[in-house]
2 protein chains.
Amino acid sequence: MVDHVLPKQAANFADDDADDTSHCFVAKLFGKRARNREAQEERILNAAITCFIRSGFRGASMNEICSEAGMSPGALYRYFPSKEAIIEKISAAHRQQSAEILDRMLKSDNIIDAITQVGIDHVRQMSLNTTGPGPRDSNARLFVEVRAESMRNEGVAAICELHEGLMREKLFAAFDAAKERGEIDPIVDMELLVATLAAMGEGIIMRNFPSQGVPVEALEPVFRALAEATLRPTKSLENK
Amino acid sequence: MVDHVLPKQAANFADDDADDTSHCFVAKLFGKRARNREAQEERILNAAITCFIRSGFRGASMNEICSEAGMSPGALYRYFPSKEAIIEKISAAHRQQSAEILDRMLKSDNIIDAITQVGIDHVRQMSLNTTGPGPRDSNARLFVEVRAESMRNEGVAAICELHEGLMREKLFAAFDAAKERGEIDPIVDMELLVATLAAMGEGIIMRNFPSQGVPVEALEPVFRALAEATLRPTKSLENK
DNA sequence: TAAATGAGAGAGAACGTTCTCTCTTTTTTG
DNA sequence: CAAAAAAGAGAGAACGTTCTCTCTCATTTA
């Protein structure tokens, strides 16, 4: 993957350690060139995201991305080896962003509050496109795109499974703690619970409530009721 | 879809009426040629569905579809004017199939039972690919594909909105009846309720529980608890 | 025989990608 | 320190492939 590494620079590296503007390995990581490279990569990725939201992974052409980035194909291909690589990078970043929201969950000492908050945070972050122009459901579009791609693209599927595994771990950790605190019915099937919550979450992201006129605040009692229903089915059903 | 048409009718009709012999409108609808035409159209559509599940709407080429249908491009384009038309036809059929499940809902006299049953029916029909070969999550794949396409393709978006409107009507009719029977909390926001149920349903279809090892039967209590939680939030929360 | 049907070559555009070349910046050399 | 050399960055034409769709011509059907 790391292709154009130069044998010459090994010698340079040993000699001029004072100069970090050279093109040696260290410079690529920390020097001016390196910063430029990262900035360009980000410029390309941002352009690609815009195009993918507009036209889909397959629908957007490399020319479209080049135009959006204000860059020639020759320049763009200096930073990414293929369209596939760009798709994978964006997919990974998007799924990671989703998984990171769960980190807040571990800090709460009430599992119902935690789930409610995670749900709201997710909707807020994924459904509301606060940064930059474009349609308000941009993140929902990108999410559906990633999900669709993951169903037939091995690389993207692996990325999704990786982050899904992380999410499962975090959820199970929080649930185990809550179970010991007696906040969850002992009869609840944990696997089923996690699967249900994940499915509901993804459905809500895909539907993009805020862009359909449902304010985020209105979802609080809904999420709370759903959390109650899934974590404490006995209590919810016994007064039927 | 189902047409029991007599083969002889066309000949009789053409003989009787020599003026508009072959390609007239009525003959196309009722004659033997018409029946052949419909059979060919279905053959193409089935091949296209297989290809779209395998490669996606954009990923599947017309050549791929032609090969799958055992047909030349020249023949195929006699029945569909464009790839777009095939995509729209398949999208419409898929969404309609989903909307029709709701019809059963109106026949139940208990709203909780009705929602539970609709949820299970939906999972059974959409997530389990009982007919033909291919991956077990075929319908989920097609669903994600339709959803992704609807976000940037005006034609498909219109189709989705049409059937969504039908689904909303059916749901509201059932909910209104249930409300009069006192089965739903008066405080429940109907718009929010429908949106939440739709989102959860789509998430569950997309996740495809059966193909992940969750049996359909296990979902019954989950759906029931969720229905309780959304229709009777007061009761669910008051014993918190 | 006349209309319907289909096969298959292939047109023309668009695709992802690569190639060549120019211009700028950095490093080495005298 | 100035000149020469090397390397990096980018532009844009061009590559081979694949795309959707059309055209021609042969075969089947009534």
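Computed from a predicted structure; not experimentally measured. Each chain gets a letter, A, B and so on, in the order the sequences are listed, and its residues count up from 1.
Near DNA chain C, defined here as any heavy-atom distance below 4.0 Å, there are no residues from residues 151-159 of chain A.
For the atom pair CE of Met206(A) and CZ of Arg147(B), the computed distance is 5.5 Å after rounding to the nearest 0.5 Å. In this structure, the separation between SG on Cys51(A) and CD on Glu68(A) is 4.5 Å, given to the nearest 0.5 Å.
For residues 56-65 of chain A, every residue pair satisfying the side chain to side chain donor-acceptor pair (under 3.5 Å) rule, not counting sequence neighbours, is listed here: Arg54(A)-Glu64(A), Ser55(A)-Glu64(A), Arg58(A)-Glu149(A). Applying the ring-ring contact (aromatic ring centres under 6.0 Å, His included) definition to pairs two or more places apart or across chains, those involving residues 53-95 of chain B are Phe52(B)-Phe57(B).
The Gln40(B) side chain lies nearest to dG6(C) when the options are dG6(C), dG10(D), dT22(D). Taking every side-chain heavy atom of Pro73(B) into account, dC21(D) is the closest of dA11(D), dT18(C), dC21(D).
The heavy-atom pair separating Leu76(A) from Ile65(A) by the smallest distance is CD1-CG2, 3.9 Å. Considering all non-hydrogen atoms of both residues, Ala199(A) and Phe209(B) come closest at CB-CZ, 3.7 Å.
Each of Glu84(B) and Arg78(B) was matched to the nucleotide of DNA chain D holding its nearest heavy atom; the match closer to the 5' end belongs to Glu84(B).
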Please tabulate the protein-to-nucleotide N/O contacts below 3.5 Å involving nucleotides 13-16 of chain C, giving atom names and distances.
| from | atom 1 | to | atom 2 | distance (Å) |
| --- | --- | --- | --- | --- |
| dG16(C) | OP1 | Ala60(A) | O | 3.4 |
| dG16(C) | OP1 | Lys83(A) | NZ | 2.7 |
| dG16(C) | OP2 | Met62(A) | N | 2.7 |

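Contacts of Glu161(A) classified as salt bridge (charged side-chain N to carboxylate O under 4.0 Å, His left out), with partners at least two apart in sequence or in another chain: none. Residues that satisfy the salt bridge (charged side-chain N to carboxylate O under 4.0 Å, His left out) test with Lys83(A), not counting sequence neighbours, are absent from this structure.
At a threshold of 4.0 angstrom between heavy atoms, the contacts of Phe80(A) with the nucleic acid are absent.
Within the structure, a side-chain polar atom (N or O) of Ser72(B) is placed less than 4.0 Å from OP1 or OP2 of dA7(C).
The CG atom of Leu76(B) sits 15 Å away from the P atom of dC19(D) (whole-angstrom rounding). As rounded to whole Å, 10 Å separates atom P of dG8(D) from atom CZ of Arg37(A). Rounded to whole angstrom, the span from the OH atom of Tyr79(B) across to the P atom of dT20(D) amounts to 20 Å. Protein atom CZ of Arg43(B) is 12 Å distant from nucleotide atom C1' of dT5(C), rounded to whole Å. Residue Asn36(A) contributes atom CG, which lies 11 Å from atom C1' of dG8(D) at whole-angstrom precision. Here dT20(D) presents its C1' atom at 11 Å from CD1 of Ile86(B), a figure rounded to the nearest Å.
A donor atom on one side chain and an acceptor atom on the other are found under 3.5 Å apart for Arg43(B) and Gln40(B).
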